[in-house]
Amino acid sequence: MDIRKMWLADTPLRLDQLLRDAGLYSKKETRELVSQGRICVDGEPVLSACMRLSPEAVISVDGDAVSLPAPVYLMLHKPAGLICATTSDLGPTVLELLEGPYRSMPLFPVGRLDKDAEGLLILTSDGALCRRVTRPENRMEKKYFVTYRGTLREDAEALLAAGAVLPEGIQCLPAKLKRLPGDTAEVTVTEGKYHEVKRLISLCGGHVTYLRRLSIGAFTLDPALRPGEYREMTAEELKMLFL
Ligand code: URA
C-alpha cells in the first residue's frame, strides 16, 4: 500500500499545508490563489485553503495539474548540541548535518528533542506523517532512556501512570516509568510537552543528566547509526509508525 495514502487517509491534510510542505506555495500564497479562483481539486474550484483532501485528490493551479514531489523520510541519530528546528538564532540546527541533495529539500524535524538530548529523530517533508507522530490524540508512544541524579520516590511509577500534574498545573497524559540498574530508567510518553520527560523525572525526585530517544511507536533507532549519522527510512520502518 502507498505509504503516503495511509497517512493521508489517517490524518487528512489541508490544501494549504500540503502545498506548503511540498515547498510549492506558502499558506498566504495558497489563500490568494484560492480567492482568485485559480486552484481546483478534482476539477472543482476550491472555496477554502483549509479544505481537507482525500488521498486521491488531484490538485490543479490555473488548469495545470500540480505534481507533488515524493516525500522524503530520514532517520537521524541526533547528537547533543544541535537544535531541533529548521532555523534558529540560538545555534546550529539538525538540518546542518544534511549533505548533498538533502540540503536543498524542504525537510523538517518531526517533534522536538532538547538541544542536549540525543537519539531517534525523523526528518521529513511530509506534514501528514508529522501530525500522525506528534498529535497527542494519536497516542504514539515515544520511549526515552535517561540517567538521573537523586532518588526517585517510591510511587513514581503510579504517579506517572495516573497522568502527572506538573508544578505549573499542566496535566500530562499517562506515562510509563521503568527503573533500570543504577541511576537509569526508561520513560515512555505519548505527547511532546516542553521538557516533558525531564519535568516528569523532576516531579519524581530526580534530575535528568542524560536523555536519549530510543523509539517512536514500534520504530527504533538503528544501532548502526552513530550520533550525527542518518539514512533514508525503509518502507517497512514507515509502516511501523502505523502499528
Ligand atoms: N522530554 C524532554 O524532557 N526532552 C526531550 O528532548 C524530549 C522529551
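Note: hydrogens, waters and symmetry copies are ignored here, and every other heavy atom, side chains too, is used. No experiment lies behind these values; they were computed from the predicted model shown. Both counts, for ligands and for their atoms, begin at 1 and track the order of listing.
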* Asked: Does ligand 1 have any atom that is closer than 4.0 Å to a heavy atom of Tyr194?
  -> no
* To do: Answer yes when Asp16 and Arg31 have at least one side-chain N-carboxylate O distance shorter than 4.0 Å, and no when they do not.
  => no
* **SB check Glu186 Lys176 (cutoff 4.0 Å)** => no
* To do: Could you verify whether a donor N or O on one side chain and an acceptor N or O on the other, from Tyr102 and Glu232, lie under 3.5 Å apart?
  => yes
* To do: Tell me which protein heavy atom sits closest to atom 5 (C) of ligand 1, plus the residue, atom name and distance to 0.1 Å.
  => Asp114 OD2, 3.5 Å
* Structure fact -> The atoms of ligand 1 lying under 4.0 Å from a heavy atom of Ala117, numbered in the order shown, are 6 (O)
* Is it possible for you to say whether Leu120 and Met140 belong to one hydrophobic cluster, with membership spreading through side-chain heavy-atom contacts below 4.5 Å? => yes
* Asked: With a 4.0 Å cut-off, would you call Glu229 and Lys78 a salt bridge?
  -> no
* Consider every N or O of Tyr144 and every N or O of ligand 1, then say whether any pair is closer than 3.5 Å. => no
* To do: Report, in ascending order of atom number, the atoms of ligand 1 lying under 4.0 Å from any heavy atom of Leu113.
  => 6 (O)
* Asked: Between Leu76 and Val110, is there a shared hydrophobic cluster once you connect ILVMFWY residues whose side-chain heavy atoms come closer than 4.5 Å?
  -> no
* Asked: Any nitrogen or oxygen of His195, main chain or side chain, under 3.5 Å from a nitrogen or oxygen of ligand 1?
  -> yes
* Structure fact -> closest protein heavy atom to atom 1 (N) of ligand 1 is Val197 N, 3.1 Å
* With heavy atoms under 4.0 Å as the rule, classify the contact between Leu211 and ligand 1 as side chain, backbone, both or neither. => side chain
